[in-house]
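First up is the structure itself, then whatever we jot down about it.
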Amino acid sequence: MSAPQAEAVVSDGKIRCGWSESSQLYRDYHDQEWGRPLHGDDAMFERMCLEAFQSGLSWITILRKRPAFRAAFDGFVIDRVADYTASDAERLLADPGIVRNRAKIESCIANAKVARELGTGLDELLWSFAPPPRPRPATLGDVPATTPESVALAKELKRRGFRFVGPTTAYALMQATGMVDDHLADCWVDVRG
């Protein structure tokens with residue numbers, strides 16, 4: 001997730017990453033999903049698509065629209081989205097419940113086609129770039145926008161034909177799916193299990 005980090009804050013007796021306190025939707029996402037290890041080709045595909053749709057927008061916009069995205073993209077089932085045609089792209093462009101950006105919609109469809117053809121699953125490919133565990137960041141200044149691993153991941157995805165997943169989006173994907181733990185050091189959430 002590419003929500004802006006802020007210093008840890010205390011609310012309801014729990015210390016959280018500051019960005020989670022601007023709305024209940026953010027708090028729920030922070031507490032229940034963000035940074036927790038996620039697996040499964042379709043689940044990883046959904047997050048990849050949503051991170052691409054987020055580019056240039058706030059993450060809260062994507063969270064608010066996530067149910068509509070899931071409905072519009074058939075639950076982000078790779079095999080279904082990979083079979084989309086030009087008429088499906090037009091249907092998506094007309095859907096007011098999602099972000100109607102032609103390049104992002106077409107990249108999601110194209111990425112499904114690439115994901116379906118991978119020799120290994122998308123989950124395995126993405127997780128192969130996860131760095132070794134490291135200490136949690138103490139402050140906002142300790143949270144990078146990219147890392148050598150996200151640069152390498154973006155390069156490999158591009159080489160394989162994926163679109164709209166540059167190093168910053170790749171790092172946001174790594175954060176969101178638990179490949180890295182960027183909860184601040186004082187945050188109560190323990191994603192290690």
Side-chain angles (χ1 to χ4, degrees), residues 1-3 25-26 28-30 32-118 120-130 145-146 149-151 153-180 182:
M1 193 212 63
S2 47
L25 191 56
Y26 262 159
D28 292 345
Y29 179 70
H30 170 272
Q32 299 164 21
E33 293 183 65
W34 189 72
R36 295 186 186 276
L38 181 71
H39 288 283
D41 291 344
D42 293 336
M44 294 299 279
F45 176 67
E46 174 184 358
R47 294 296 182 89
M48 177 188 282
C49 289
L50 294 179
E51 291 295 346
F53 273 105
Q54 184 274 329
S55 182
L57 301 171
S58 69
W59 184 247
I60 195 73
T61 299
I62 303 305
L63 283 179
R64 287 179 181 139
K65 293 178 176 281
R66 186 161 58 168
F69 271 113
R70 286 175 170 164
F73 282 93
D74 289 311
F76 291 98
V77 174
I78 292 170
D79 285 335
R80 290 182 191 157
V81 178
D83 286 337
Y84 281 9
T85 64
S87 64
D88 289 301
E90 293 305 316
R91 169 185 58 81
L92 293 164
L93 278 166
D95 188 334
I98 67 169
V99 174
R100 296 179 288 178
N101 177 297
R102 183 177 295 278
K104 292 176 181 181
I105 289 169
E106 289 177 353
S107 73
C108 187
I109 295 168
N111 290 348
K113 294 177 189 315
V114 174
R116 180 166 62 184
E117 299 304 318
L118 289 174
T120 60
L122 181 62
D123 180 280
E124 185 176 333
L125 172 64
L126 296 175
W127 274 91
S128 73
F129 286 86
T146 64
E149 294 87 2
S150 75
V151 171
L153 173 57
K155 184 176 179 179
E156 180 61 16
L157 291 172
K158 183 176 182 179
R159 185 187 75 75
R160 290 176 181 255
F162 286 94
R163 300 190 221 162
F164 244 99
V165 190
T168 302
T169 299
Y171 191 67
L173 177 65
M174 294 172 108
Q175 291 174 304
T177 60
M179 288 185 243
V180 297
D182 275 347

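You'll find the side chain of Met48 reaches within 4.5 Å of the side chain of Phe162, heavy atoms only. Residues Pro37 and Trp127 meet the side-chain proximity criterion, which asks for heavy atoms closer than 4.5 Å. Contact annotation: the side chain of Ile109 approaches that of Leu92 to within less than 4.5 Å [non-hydrogen atoms, C-beta and beyond]. In this structure, Leu153 and Glu149 have side chains that are not in contact, with every pair of non-hydrogen atoms separated by 4.5 Å or more. Between Phe73 and Leu50, the closest side-chain pair of non-hydrogen atoms is not below 4.5 Å. Between Phe129 and Leu157, every side-chain heavy-atom pair lies at or beyond the 4.5 Å cut-off. In this structure, the side chains of Phe164 and Phe53 stay at 4.5 Å or more apart for every pair of heavy atoms.
Considering every non-hydrogen atom in both Pro167 and Ser150, the closest pair reads O-OG, 3.2 Å. Here the closest non-hydrogen pair linking Glu51 and Ala176 is OE2-CB, 3.6 Å. The two residues Cys108 and Val81 make their nearest non-hydrogen contact at O-CG1, 4.1 Å. Taking all atoms of both residues into account, the shortest heavy-atom contact from Val165 to Ala154 is O-CB, 3.3 Å. Between Lys113 and Tyr84, the shortest heavy-atom distance links the atoms NZ-O, 3.4 Å. The heavy-atom pair separating Ala115 from Leu122 by the smallest distance is CB-CD2, 4.4 Å.
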Glu124 vs His39, test: side-chain contact (heavy atoms from CB on, under 4.5 Å). Steps then yes/no. CA-CA 9 Å; Glu124 185 176 333; His39 288 283; over 6 Å; no

Using the side-chain contact (heavy atoms from CB on, under 4.5 Å) rule, take Thr177 and Leu126 through it: C-alpha gap first, then chi angles, then the decisive distance, then the call.
CA-CA 10 Å; Thr177 60; Leu126 296 175; over 6 Å; no

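The CG atom of Leu173 sits 9.5 Å away from atom CD of Gln175, with the distance rounded to the nearest 0.5 Å. With rounding to the nearest 0.5 angstrom, the CD1 atom of Ile62 is 5.5 Å from the CG atom of Leu57. Residue Trp59 holds its CH2 atom at 10.5 Å from OG1 of Thr61, rounded to the nearest 0.5 Å.
At distances below 3.5 Å, at least one donor-acceptor pair connects side-chain atoms of Arg91 with backbone N or O atoms of Ala72. The backbone N or O of Leu125 sits less than 3.5 Å from a side-chain atom of Ser128, completing a donor-acceptor pair. The main-chain N or O of Ala110 is never found under 3.5 Å from a side-chain atom of Arg163 such that the two would form a donor-acceptor pair. Looking only at distances, no side-chain donor or acceptor of Tyr29 sits under 3.5 Å from a matching main-chain atom of Trp34. Under the 3.5 Å distance criterion, the side-chain polar atoms of Thr146 are left unmatched by any main-chain donor or acceptor of Thr168. A distance-only check finds a donor-acceptor pair linking the side chain of Asp123 to the backbone of Gly40 [under 3.5 Å].
Ion pairing of Glu156 with Arg160 is present here, as a side-chain N (NZ or NE/NH1/NH2) and a carboxylate O approach within less than 4.0 Å. Ion pairing between Glu33 and Arg36 fails under the 4.0 Å rule for side-chain N and carboxylate O.
With Phe45 as the aromatic partner, Arg116 does not meet the cation-pi criteria of under 6.0 angstrom to the ring centre and within 45 degrees of the ring axis.
A search for side chain to side chain contact (heavy atoms under 4.5 Å, CB included) contacts involving Thr85 returns Ser87, Asp88, not counting sequence neighbours.
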Under 3.5 Å, which donor-acceptor pairs do the side chains of residues 94-101 form with other protein atoms, sequence neighbours left out?
unit_1 : atom_1 : unit_2 : atom_2 : d
Asp95  : OD1    : Gly97  : N      : 2.8
Asn101 : OD1    : Ala103 : N      : 3.0
Asn101 : OD1    : Lys104 : N      : 2.9

